[in-house]
Novice: 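Have a look at this one before I ask anything.
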Protein chains: 2
Amino acid sequence: MAQTQTFSKNQQIVLDIIEKAKGPLKAYSILFNVQKKGINAPQQIYRALDKLIEAGKIHKIESKNAFVACKNSNCEVSKATAFSICESCEIVDEISDTKLSKYLSKFNHKKGMKFRRFNLEFFGLCKKCKTK
Amino acid sequence: MAQTQTFSKNQQIVLDIIEKAKGPLKAYSILFNVQKKGINAPQQIYRALDKLIEAGKIHKIESKNAFVACKNSNCEVSKATAFSICESCEIVDEISDTKLSKYLSKFNHKKGMKFRRFNLEFFGLCKKCKTK
DNA sequence: ATAACAAACGTTATATTATAACACTATGAT
DNA sequence: ATCATAGTGTTATAATATAACGTTTGTTAT
């Protein structure tokens with residue numbers, strides 16, 4: 001049961017923008033897009049991003065320093081993320097593959113580490129770009 | 001058969017530093033460490049890093065913007081990387097698990113993407129930090 | 001209702017990470 | 001020898017992210 005979380009004004013503004021976007025957004029591009037709404041400083045963006053990530057509403061694509069909305073409505077806290085990234089058109093898709101996710105969540109390091117979360121990024125060519 | 005590659009002066013300096021290090025190094029910390037050797041500008045570091053990554057001698061830990069030496073002597077080009085990262089002491093280990101690597105290399109996205117490489121980062125507590 | 005606390009806000013400044021652009025130098029192949 | 005390629009050195013600047021400070025708002029406990 002996805003408990004609906006309520007966000008503050010800035011958090012909601014940032015979330016809206018990310019959810020409307022077709023692809024990952026960078027922090028400063030978010031900033032430029034919300035200046036009309038009275039947000040003027042990077043801090044305000046980064047603070048909102050932090051909270052949204054914590055809440056599992058968005059994810060950071062580490063290899064791109066960019067942020068996408070979470071597409072798994074049930075992934076309240078993002079402890080297991082996987083993405084496919086096209087190296088040509090840069091399209092990013094969140095992968096929700098139960099098997100993969102289970103496989104990785106169960107993975108145990110030989111050296112006795114206890115994992116809390118993981119992030120996986122696949123790079124390649126998407127269907128469209130493959131045939132070009 | 002690991003064909004030995006030869007590196008330029010700067011590339012070798014940077015590689016040496018990274019290989020000697022106990023953990024991931026940041027680009028600017030590398031820079032500060034090699035100023036006595038006549039390297040003065042970030043560009044010189046980043047250029048060397050690029051080549052070393054291409055050659056598979058080092059990897060970038062995306063979540064930390066830091067660089068580690070490759071521990072799989074056979075991983076000439078880094079197309080399949082996995083790391084464990086302790087969230088407490090920040091220690092990073094390259095995971096070389098054939099099963100995991102095969103599993104992920106075979107993974108195919110529903111949407112028909114062809115993957116060329118992946119990077120996986122696990123976060124948690126290492127053995128030492130767990131018991132603290 | 002109000003005191004107390006935590007969370008969010010706004011702002012200025014600055015730190016950190018990374019690339020652009022340009023001129024020069026070494027190396028290796030034909 | 002000349003041509004292409006990779007590497008170098010340098011200055012400048014872009015892009016990403018955090019520190020620090022004081023204020024405001026929202027929640028909860030009494």
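Lettering of chains follows the sequences in order, A, B, ..., and the numbering in each one begins at 1.
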Novice: Rounded off to whole Å, could you give me the CZ-to-P distance for the A:R47 and C:dA6 pair?
Specialist: 18 Å

Novice: What is the distance from CG of A:L25 to P of D:dT16, rounded to the nearest Å?
Specialist: 12 Å

Novice: Nearest to the side chain of A:K26, which nucleotide is it out of D:dT10, D:dT18, D:dT16?
Specialist: D:dT16

Novice: Quick check: closest heavy atoms across A:A69 and A:E19, and the distance to 0.1 Å?
Specialist: CB-CG, 3.8 Å

Novice: Counting heavy atoms from C-beta on, name the nucleotide in C:dC9, D:dT16, D:dT11 closest to the side chain of B:A41.
Specialist: D:dT11

Novice: What pairs with B:F7 under ring-ring contact (aromatic ring centres under 6.0 Å, His included), at least two apart in sequence or on another chain?
Specialist: none

Novice: Flag as yes if A:Y28 stacks onto the base of D:dT16 (centroids under 5.5 Å, planes under 30°), otherwise no.
Specialist: yes

Novice: Any side-chain N or O of B:Y46 below 4.0 angstrom from OP1/OP2 of C:dA18?
Specialist: yes

Novice: Would you say B:Q44 reaches D:dT10's phosphate, i.e. side-chain N/O to OP1/OP2 under 4.0 Å?
Specialist: no

Novice: Aromatic rings A:F115 and A:H109: how do their planes relate, parallel, tilted or perpendicular, breaks at 30° and 60°?
Specialist: parallel

Novice: According to a strict under-4.0 Å criterion, is A:N10 in side-chain N/O contact with OP1 or OP2 of C:dG10?
Specialist: yes

Novice: Rounded to whole angstrom units, what separation is found between the CD1 atom of A:I45 and the P atom of D:dA19?
Specialist: 18 Å

Novice: Can you see which heavy atom on A:L120 is nearest to which on A:L100, and at what distance?
Specialist: CD2-CD2, 4.1 Å

Novice: At less than 4.0 Å, is any side-chain N or O atom of A:N65 found next to OP1 or OP2 of C:dT17? Yes or no.
Specialist: no

Novice: Look at the side-chain N and O atoms of A:K60 and state whether any lies under 4.0 Å from the OP1 or OP2 oxygen of D:dT16.
Specialist: no

Novice: Round to a whole Å and report the spacing from CD1 of B:I61 to P of C:dT17.
Specialist: 14 Å

Novice: Rounded off to whole Å, could you give me the CD-to-P distance for the A:Q43 and C:dT14 pair?
Specialist: 15 Å

Novice: Quickly work out the B:L52 CG to D:dG7 P distance and round it to whole Å.
Specialist: 10 Å

Novice: Does NZ or CZ of A:R116 come closer than 6.0 Å to the centre of the six-membered ring of B:F123, within 45° of the ring's axis?
Specialist: no

Novice: Return whichever of B:P42 or A:G38 has its heavy-atom-nearest nucleotide of DNA chain C closer to the 5' end.
Specialist: A:G38

Novice: Taking only N and O in the side chain of B:S8, is any of them less than 4.0 Å away from OP1 or OP2 of D:dT8?
Specialist: yes

Novice: Round to the nearest Å and state the distance from A:L31 atom CG to D:dT18 atom P.
Specialist: 15 Å

Novice: Once you round it to whole Å, what is the distance between P of C:dA7 and CG of A:D50?
Specialist: 14 Å

Novice: Please tell me if A:K51 has a side-chain N or O lying less than 4.0 Å from either OP1 or OP2 of C:dA8.
Specialist: yes

